[in-house]
Number of protein chains: 2
Amino acid sequence: MTASKQPKHLRKAMAKWAEQRGDLYAAACPSRGVLDHVTSRWGVLVLVALLEGTHRFSELRRKVAGVSEKMLAQTLHALEEDGFVVREVFPVIPPRVDYSLTPMGQEVASHIEALTDWIEDNLPRVFAARAQHVSRKSAPEGGKAGRAGRRESSA
Amino acid sequence: MTASKQPKHLRKAMAKWAEQRGDLYAAACPSRGVLDHVTSRWGVLVLVALLEGTHRFSELRRKVAGVSEKMLAQTLHALEEDGFVVREVFPVIPPRVDYSLTPMGQEVASHIEALTDWIEDNLPRVFAARAQHVSRKSAPEGGKAGRAGRRESSA
DNA sequence: TCAGTAGCTTACCTCAAGGTAGGTACTTAC
DNA sequence: GTAAGTACCTACCTTGAGGTAAGCTACTGA
(Lines give C-alpha, C1' and ligand atoms only; values in the text may rest on other atoms or scores of the structure.)
Protein backbone atom coordinates (compact mmCIF):
# COMPACT_ATOMS: atom_id res chain seq x y z
CA MET A 1 0.00 0.00 0.00
CA THR A 2 2.55 2.54 1.11
CA ALA A 3 5.25 1.40 -1.21
CA SER A 4 3.48 1.23 -4.50
CA LYS A 5 1.64 4.52 -4.81
CA GLN A 6 4.43 7.06 -4.61
CA PRO A 7 4.05 9.80 -7.21
CA LYS A 8 6.46 9.27 -10.09
CA HIS A 9 8.57 12.32 -9.41
CA LEU A 10 9.44 10.84 -6.02
CA ARG A 11 10.48 7.45 -7.32
CA LYS A 12 13.97 8.52 -8.17
CA ALA A 13 14.45 10.23 -4.83
CA MET A 14 13.25 7.11 -3.08
CA ALA A 15 15.40 4.81 -5.15
CA LYS A 16 18.55 5.70 -3.28
CA TRP A 17 17.00 4.61 0.00
CA ALA A 18 16.24 1.22 -1.46
CA GLU A 19 19.93 0.49 -1.68
CA GLN A 20 21.48 2.50 1.10
CA ARG A 21 21.15 2.44 4.83
CA GLY A 22 18.17 4.41 6.11
CA ASP A 23 18.37 7.57 8.19
CA LEU A 24 15.54 8.00 10.64
CA TYR A 25 16.53 11.58 11.41
CA ALA A 26 15.76 12.53 7.82
CA ALA A 27 12.14 13.50 7.48
CA ALA A 28 11.75 12.07 3.99
CA CYS A 29 13.48 8.75 4.58
CA PRO A 30 11.12 5.82 4.06
CA SER A 31 12.55 4.13 7.13
CA ARG A 32 10.18 6.43 9.00
CA GLY A 33 7.31 4.51 7.47
CA VAL A 34 8.74 1.17 8.52
CA LEU A 35 9.26 2.49 12.02
CA ASP A 36 5.64 3.66 12.07
CA HIS A 37 4.36 0.24 11.10
CA VAL A 38 6.53 -1.56 13.58
CA THR A 39 5.96 0.78 16.50
CA SER A 40 2.30 1.37 15.81
CA ARG A 41 -0.09 0.85 18.69
CA TRP A 42 -1.10 -2.63 17.54
CA GLY A 43 1.94 -3.48 15.46
CA VAL A 44 4.11 -3.83 18.55
CA LEU A 45 1.71 -6.17 20.29
CA VAL A 46 1.05 -8.28 17.21
CA LEU A 47 4.74 -8.80 16.56
CA VAL A 48 5.41 -9.81 20.14
CA ALA A 49 2.45 -12.17 20.09
CA LEU A 50 3.64 -13.82 16.89
CA LEU A 51 7.05 -14.32 18.42
CA GLU A 52 5.42 -17.02 20.51
CA GLY A 53 4.41 -18.86 17.36
CA THR A 54 1.85 -19.03 14.60
CA HIS A 55 -1.57 -17.64 15.38
CA ARG A 56 -4.86 -17.53 13.57
CA PHE A 57 -6.63 -14.25 13.12
CA SER A 58 -9.12 -14.90 15.89
CA GLU A 59 -6.40 -16.05 18.28
CA LEU A 60 -4.53 -12.82 17.79
CA ARG A 61 -7.71 -10.88 18.28
CA ARG A 62 -8.32 -12.55 21.62
CA LYS A 63 -4.71 -12.33 22.76
CA VAL A 64 -4.23 -8.67 21.99
CA ALA A 65 -7.11 -7.37 24.05
CA GLY A 66 -8.77 -4.27 22.68
CA VAL A 67 -7.97 -4.55 18.97
CA SER A 68 -10.84 -4.28 16.58
CA GLU A 69 -11.04 -6.64 13.64
CA LYS A 70 -10.47 -3.75 11.33
CA MET A 71 -7.28 -2.57 12.97
CA LEU A 72 -5.93 -6.08 13.33
CA ALA A 73 -6.44 -6.74 9.63
CA GLN A 74 -4.93 -3.40 8.72
CA THR A 75 -1.92 -3.92 10.97
CA LEU A 76 -1.31 -7.42 9.65
CA HIS A 77 -1.47 -6.21 6.06
CA ALA A 78 1.11 -3.52 6.69
CA LEU A 79 3.43 -5.98 8.40
CA GLU A 80 2.92 -8.50 5.62
CA GLU A 81 3.74 -5.93 2.98
CA ASP A 82 6.95 -5.01 4.76
CA GLY A 83 7.91 -8.67 4.84
CA PHE A 84 7.61 -9.23 8.58
CA VAL A 85 4.72 -11.67 8.63
CA VAL A 86 3.46 -14.41 6.33
CA ARG A 87 -0.15 -15.08 5.82
CA GLU A 88 -1.35 -18.55 4.97
CA VAL A 89 -4.90 -19.07 3.83
CA PHE A 90 -6.54 -22.48 4.09
CA PRO A 91 -9.39 -22.94 1.62
CA VAL A 92 -11.79 -24.36 4.17
CA ILE A 93 -15.16 -23.39 5.54
CA PRO A 94 -15.31 -21.63 7.92
CA PRO A 95 -12.22 -19.74 6.76
CA ARG A 96 -8.88 -20.25 8.40
CA VAL A 97 -5.88 -17.98 8.11
CA ASP A 98 -2.59 -18.45 9.90
CA TYR A 99 -0.10 -15.69 10.58
CA SER A 100 3.52 -16.18 11.46
CA LEU A 101 6.79 -14.27 11.42
CA THR A 102 9.28 -14.34 8.60
CA PRO A 103 12.96 -14.57 9.57
CA MET A 104 13.09 -10.80 9.13
CA GLY A 105 10.02 -10.48 11.32
CA GLN A 106 11.69 -12.47 14.04
CA GLU A 107 14.64 -10.13 14.03
CA VAL A 108 12.55 -6.99 14.54
CA ALA A 109 10.17 -8.70 16.91
CA SER A 110 12.99 -9.80 19.16
CA HIS A 111 14.16 -6.21 19.51
CA ILE A 112 10.62 -5.13 20.26
CA GLU A 113 10.17 -7.86 22.81
CA ALA A 114 13.23 -6.61 24.66
CA LEU A 115 11.52 -3.26 24.89
CA THR A 116 8.09 -4.53 25.92
CA ASP A 117 9.66 -6.83 28.51
CA TRP A 118 11.52 -3.91 29.96
CA ILE A 119 8.35 -1.85 30.19
CA GLU A 120 6.38 -4.62 31.82
CA ASP A 121 9.16 -5.29 34.30
CA ASN A 122 9.79 -1.67 35.18
CA LEU A 123 6.27 -0.36 35.33
CA PRO A 124 6.51 0.22 39.09
CA ARG A 125 9.59 2.38 38.58
CA VAL A 126 7.74 4.49 36.05
CA PHE A 127 4.88 4.87 38.47
CA ALA A 128 7.27 5.97 41.17
CA ALA A 129 8.76 8.55 38.82
CA ARG A 130 5.33 9.89 38.01
CA ALA A 131 4.45 10.19 41.67
CA GLN A 132 7.66 12.13 42.29
CA HIS A 133 6.84 14.34 39.37
CA VAL A 134 3.43 15.42 40.64
CA SER A 135 4.71 15.94 44.18
CA ARG A 136 7.47 18.13 42.81
CA LYS A 137 4.91 20.27 41.05
CA SER A 138 2.75 20.83 44.15
CA ALA A 139 5.60 21.25 46.67
CA PRO A 140 7.76 24.27 45.72
CA GLU A 141 10.99 22.37 46.44
CA GLY A 142 12.45 21.60 49.87
CA GLY A 143 14.57 24.33 51.51
CA LYS A 144 16.83 26.25 49.15
CA ALA A 145 16.32 28.75 46.38
CA GLY A 146 14.52 27.86 43.16
CA ARG A 147 11.00 28.96 42.45
CA ALA A 148 8.13 26.89 41.11
CA GLY A 149 7.80 23.38 39.76
CA ARG A 150 10.67 22.82 37.45
CA ARG A 151 14.28 22.33 38.31
CA GLU A 152 16.44 25.31 37.58
CA SER A 153 20.15 25.71 37.35
CA SER A 154 22.25 28.76 38.06
CA ALA A 155 24.77 28.52 35.24
CA MET B 1 -0.69 14.44 32.92
CA THR B 2 -1.84 10.93 32.25
CA ALA B 3 -1.06 9.68 35.70
CA SER B 4 -2.73 12.26 37.85
CA LYS B 5 -6.19 12.65 36.43
CA GLN B 6 -7.59 9.14 36.67
CA PRO B 7 -11.15 9.11 38.00
CA LYS B 8 -11.25 8.08 41.63
CA HIS B 9 -13.06 4.82 41.07
CA LEU B 10 -10.16 3.68 38.91
CA ARG B 11 -7.46 4.49 41.41
CA LYS B 12 -7.81 1.26 43.29
CA ALA B 13 -7.86 -0.78 40.09
CA MET B 14 -4.71 1.01 38.96
CA ALA B 15 -2.97 0.62 42.29
CA LYS B 16 -2.17 -3.02 41.70
CA TRP B 17 -0.26 -2.17 38.53
CA ALA B 18 1.89 0.25 40.46
CA GLU B 19 3.39 -2.64 42.36
CA GLN B 20 3.14 -5.58 40.00
CA ARG B 21 4.64 -6.34 36.65
CA GLY B 22 2.66 -4.87 33.78
CA ASP B 23 0.81 -6.87 31.15
CA LEU B 24 0.70 -5.26 27.74
CA TYR B 25 -1.86 -7.74 26.46
CA ALA B 26 -4.36 -6.42 28.98
CA ALA B 27 -6.30 -3.52 27.52
CA ALA B 28 -6.56 -1.64 30.81
CA CYS B 29 -2.96 -2.02 31.96
CA PRO B 30 -1.22 1.35 32.27
CA SER B 31 1.89 -0.12 30.68
CA ARG B 32 0.03 0.52 27.43
CA GLY B 33 0.35 4.22 28.15
CA VAL B 34 4.08 3.97 28.77
CA LEU B 35 4.49 2.00 25.57
CA ASP B 36 2.57 4.69 23.70
CA HIS B 37 4.84 7.44 25.01
CA VAL B 38 7.99 5.52 24.26
CA THR B 39 6.98 4.27 20.82
CA SER B 40 5.23 7.45 19.76
CA ARG B 41 6.25 8.91 16.44
CA TRP B 42 8.60 11.48 17.99
CA GLY B 43 9.29 9.74 21.28
CA VAL B 44 11.39 7.10 19.60
CA LEU B 45 13.54 9.59 17.77
CA VAL B 46 13.98 11.88 20.76
CA LEU B 47 15.10 9.03 22.99
CA VAL B 48 17.62 7.82 20.45
CA ALA B 49 18.93 11.33 19.94
CA LEU B 50 19.37 11.85 23.67
CA LEU B 51 21.31 8.61 23.89
CA GLU B 52 24.11 10.48 22.16
CA GLY B 53 24.21 12.98 25.00
CA THR B 54 22.58 16.10 26.40
CA HIS B 55 20.82 18.31 23.90
CA ARG B 56 19.15 21.69 24.08
CA PHE B 57 15.64 22.11 22.81
CA SER B 58 16.70 23.71 19.56
CA GLU B 59 19.35 21.10 18.95
CA LEU B 60 16.78 18.34 19.23
CA ARG B 61 14.47 20.26 16.95
CA ARG B 62 17.13 20.47 14.28
CA LYS B 63 18.33 16.90 14.72
CA VAL B 64 14.90 15.29 14.57
CA ALA B 65 13.87 16.69 11.22
CA GLY B 66 10.19 17.34 10.79
CA VAL B 67 9.14 17.70 14.40
CA SER B 68 7.20 20.83 15.27
CA GLU B 69 8.01 22.81 18.40
CA LYS B 70 4.68 21.90 19.84
CA MET B 71 5.12 18.17 19.41
CA LEU B 72 8.70 18.25 20.63
CA ALA B 73 7.67 20.03 23.82
CA GLN B 74 4.74 17.68 24.30
CA THR B 75 6.87 14.60 23.73
CA LEU B 76 9.56 15.80 26.10
CA HIS B 77 7.01 16.51 28.81
CA ALA B 78 5.54 13.04 28.57
CA LEU B 79 8.98 11.46 28.72
CA GLU B 80 9.93 13.69 31.64
CA GLU B 81 6.82 12.72 33.54
CA ASP B 82 7.54 9.04 33.04
CA GLY B 83 11.02 9.59 34.41
CA PHE B 84 12.96 9.00 31.20
CA VAL B 85 14.40 12.47 30.67
CA VAL B 86 15.54 15.31 32.90
CA ARG B 87 15.03 18.90 32.05
CA GLU B 88 17.44 21.53 33.26
CA VAL B 89 16.57 25.20 32.92
CA PHE B 90 19.25 27.86 32.96
CA PRO B 91 17.97 31.29 33.99
CA VAL B 92 19.73 33.14 31.20
CA ILE B 93 18.73 35.26 28.28
CA PRO B 94 18.16 33.99 25.68
CA PRO B 95 16.58 30.98 27.41
CA ARG B 96 18.50 27.75 27.63
CA VAL B 97 17.10 24.35 28.52
CA ASP B 98 19.04 21.11 28.48
CA TYR B 99 17.51 17.70 28.12
CA SER B 100 19.21 14.45 29.01
CA LEU B 101 18.35 10.86 29.83
CA THR B 102 17.88 9.51 33.33
CA PRO B 103 19.41 6.10 34.05
CA MET B 104 15.97 4.66 33.42
CA GLY B 105 15.78 6.58 30.18
CA GLN B 106 19.08 5.12 29.06
CA GLU B 107 17.75 1.62 29.62
CA VAL B 108 14.69 2.09 27.42
CA ALA B 109 16.54 4.15 24.88
CA SER B 110 19.16 1.46 24.39
CA HIS B 111 16.44 -1.06 23.55
CA ILE B 112 14.90 1.41 21.16
CA GLU B 113 18.21 2.14 19.53
CA ALA B 114 18.67 -1.56 18.84
CA LEU B 115 15.38 -1.43 16.97
CA THR B 116 16.06 1.77 15.04
CA ASP B 117 19.52 0.57 14.09
CA TRP B 118 18.03 -2.62 12.76
CA ILE B 119 15.52 -0.71 10.68
CA GLU B 120 18.12 1.63 9.25
CA ASP B 121 20.43 -1.25 8.42
CA ASN B 122 17.77 -3.46 6.89
CA LEU B 123 15.79 -0.91 4.95
CA PRO B 124 16.88 -2.43 1.62
CA ARG B 125 15.58 -5.83 2.70
CA VAL B 126 12.22 -4.31 3.54
CA PHE B 127 12.15 -2.63 0.16
CA ALA B 128 12.89 -5.93 -1.52
CA ALA B 129 10.06 -7.55 0.39
CA ARG B 130 7.67 -4.82 -0.69
CA ALA B 131 8.69 -5.20 -4.31
CA GLN B 132 8.07 -8.96 -4.11
CA HIS B 133 4.73 -8.25 -2.55
CA VAL B 134 3.45 -6.04 -5.34
CA SER B 135 4.77 -8.32 -8.07
CA ARG B 136 3.00 -11.23 -6.42
CA LYS B 137 -0.24 -9.29 -6.58
CA SER B 138 0.00 -8.45 -10.27
CA ALA B 139 1.49 -11.75 -11.47
CA PRO B 140 -0.88 -14.68 -10.78
CA GLU B 141 1.99 -16.81 -9.44
CA GLY B 142 4.62 -18.61 -11.51
CA GLY B 143 3.81 -22.12 -12.71
CA LYS B 144 1.78 -24.23 -10.35
CA ALA B 145 -1.73 -24.13 -9.00
CA GLY B 146 -2.90 -21.34 -6.70
CA ARG B 147 -5.12 -18.54 -7.91
CA ALA B 148 -4.73 -14.84 -7.26
CA GLY B 149 -2.45 -12.71 -5.10
CA ARG B 150 -2.29 -14.32 -1.75
CA ARG B 151 -0.60 -17.53 -0.86
CA GLU B 152 -2.98 -20.39 -0.25
CA SER B 153 -2.50 -23.74 1.34
CA SER B 154 -4.32 -26.94 0.57
CA ALA B 155 -4.60 -28.32 4.08
C1' DT C 1 -35.06 -23.10 7.72
C1' DC C 2 -32.28 -20.50 10.33
C1' DA C 3 -28.64 -19.32 13.37
C1' DG C 4 -23.77 -19.58 13.96
C1' DT C 5 -18.91 -19.33 12.49
C1' DA C 6 -14.22 -17.21 10.63
C1' DG C 7 -12.07 -13.70 8.38
C1' DC C 8 -12.52 -10.25 6.26
C1' DT C 9 -14.17 -5.52 3.69
C1' DT C 10 -16.69 -1.34 3.52
C1' DA C 11 -19.09 2.80 5.01
C1' DC C 12 -19.71 5.98 8.47
C1' DC C 13 -18.51 8.69 12.34
C1' DT C 14 -15.80 10.50 16.27
C1' DC C 15 -12.03 12.10 18.68
C1' DA C 16 -7.40 12.95 19.36
C1' DA C 17 -2.90 13.65 17.16
C1' DG C 18 -0.53 16.95 15.18
C1' DG C 19 0.39 21.16 12.14
C1' DT C 20 0.20 26.44 11.79
C1' DA C 21 0.50 30.70 13.53
C1' DG C 22 0.74 34.22 16.91
C1' DG C 23 2.24 35.95 21.46
C1' DT C 24 6.08 36.56 25.16
C1' DA C 25 10.52 38.42 27.02
C1' DC C 26 14.95 39.62 26.40
C1' DT C 27 19.38 40.09 23.84
C1' DT C 28 22.58 40.51 20.16
C1' DA C 29 23.73 41.42 15.46
C1' DC C 30 22.91 44.10 11.28
C1' DG D 1 15.23 50.41 14.36
C1' DT D 2 14.46 45.97 13.41
C1' DA D 3 15.29 41.30 12.50
C1' DA D 4 16.61 36.95 14.41
C1' DG D 5 17.57 33.57 18.04
C1' DT D 6 15.63 31.00 22.26
C1' DA D 7 12.11 28.11 24.51
C1' DC D 8 8.19 27.82 25.04
C1' DC D 9 2.41 28.23 25.43
C1' DT D 10 -2.09 28.79 23.50
C1' DA D 11 -5.83 28.77 20.24
C1' DC D 12 -7.44 27.15 16.02
C1' DC D 13 -8.05 23.93 12.45
C1' DT D 14 -7.15 19.80 9.55
C1' DT D 15 -6.09 15.13 9.00
C1' DG D 16 -6.07 10.59 9.94
C1' DA D 17 -6.26 6.85 13.33
C1' DG D 18 -9.31 4.01 14.96
C1' DG D 19 -14.04 2.41 16.73
C1' DT D 20 -18.82 0.51 15.40
C1' DA D 21 -21.72 -1.92 12.70
C1' DA D 22 -23.32 -4.15 8.73
C1' DG D 23 -22.50 -7.20 4.85
C1' DC D 24 -20.42 -11.24 2.60
C1' DT D 25 -19.23 -16.27 1.77
C1' DA D 26 -20.15 -21.01 2.22
C1' DC D 27 -20.76 -24.43 5.09
C1' DT D 28 -22.52 -27.09 9.54
C1' DG D 29 -25.53 -28.30 13.13
C1' DA D 30 -30.06 -27.72 15.49
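A note on names: the letters A, B, ... follow the listed sequences, proteins ahead of strands, and every chain is numbered from 1.
- Less than 4.0 Å separates DNA chain C from no heavy atom of any residue of residues 46-54 of chain A.
- Taking atom CZ on A/Phe90 and atom P on D/dC27, their separation rounds to 18 Å, with Å as the unit.
- Taking side-chain N and O atoms only, B/Ser68 has a distance below 4.0 Å to OP1 or OP2 of C/dG19.
- Within the model, atoms OG1 of A/Thr75 and OH of A/Tyr99 stand 10.5 Å from one another, a figure rounded to the nearest 0.5 Å.
- The side chain to side chain contact (heavy atoms under 4.5 Å, CB included) check on B/Glu59 picks up B/His55, B/Arg56, B/Arg62, with sequence neighbours excluded.
- A 4.5 Å side-chain heavy-atom check between A/Leu79 and A/Leu50 finds every atom pair outside the cut-off.
- Whole-Å rounding puts the A/Leu72 CG to C/dG7 C1' distance at 10 Å.
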Hey, what are the protein-to-nucleotides 2-7 of chain D N/O distances that come in under 3.5 Å?
residue: D/dT6; atom: O3'; partner: B/Arg56; partner atom: NH2; Å: 3.0
residue: D/dT6; atom: O3'; partner: B/Pro95; partner atom: O; Å: 3.1
residue: D/dA7; atom: OP1; partner: B/Arg56; partner atom: NE; Å: 2.8
residue: D/dA7; atom: OP1; partner: B/Arg56; partner atom: NH2; Å: 2.8
residue: D/dA7; atom: OP2; partner: B/Ser58; partner atom: N; Å: 3.0
residue: D/dA7; atom: OP2; partner: B/Ser58; partner atom: OG; Å: 2.6

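- As a whole-Å value, the separation of A/His77 NE2 from D/dA17 P is 16 Å.
- Of the residues near DNA chain C, A/Lys70 and A/Leu76, the one whose nearest nucleotide (by heavy atom distance) lies more toward the 5' end is A/Leu76.
- For A/Glu113, the side chain to side chain contact (heavy atoms under 4.5 Å, CB included) partners at least two apart in sequence or on another chain are A/Val48, A/Leu51, A/Thr116, A/Asp117.
- Per the geometry, CD belonging to B/Gln74 stands 10 Å off C1' belonging to C/dA16, to the nearest Å.
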Side-chain polar contacts of residues 26-34 of chain A - donor-acceptor pairs under 3.5 angstrom, sequence neighbours left out - could you list them?
residue: A/Arg32; atom: NE; partner: A/Leu24; partner atom: O; Å: 2.6
residue: A/Arg32; atom: NH1; partner: B/Ala65; partner atom: O; Å: 3.3
residue: A/Arg32; atom: NH2; partner: A/Leu24; partner atom: O; Å: 3.0
residue: A/Arg32; atom: NH2; partner: A/Tyr25; partner atom: O; Å: 3.2
residue: A/Arg32; atom: NH2; partner: B/Ala65; partner atom: O; Å: 2.8

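- Contacts classified as salt bridge (Lys or Arg N to Asp or Glu O under 4.0 Å) and involving residues 90-100 of chain A (residues at least two apart or in different chains) are given here: A/Arg96-A/Asp98.
- The CE atom of A/Met71 sits 16 Å away from the C1' atom of D/dA21 (whole-angstrom rounding).
- Take B/Arg41 and apply the side chain to side chain contact (heavy atoms under 4.5 Å, CB included) test, not counting sequence neighbours, and it matches A/Asp36.
- Rounded to whole angstrom, the span from the CZ atom of B/Arg41 across to the P atom of C/dA16 amounts to 19 Å.
- Between the CG atom of B/Asp36 and the C1' atom of C/dA16 there is a distance of 12 Å, rounded to whole Å.
- Residues passing the side chain to side chain contact (heavy atoms under 4.5 Å, CB included) test with B/Ser110, sequence neighbours excluded: none.
- Residue-level contact check: B/Arg61 touches neither bases nor backbone, having no heavy atom under 4.0 Å from any strand.
- The side-chain hydrogen bond (donor to acceptor under 3.5 Å, both in side chains) check on A/Trp42 picks up nothing, with sequence neighbours excluded.
- In this structure, B/Arg32 atom CZ and D/dG18 atom C1' are separated by 14 Å, rounded to whole Å.
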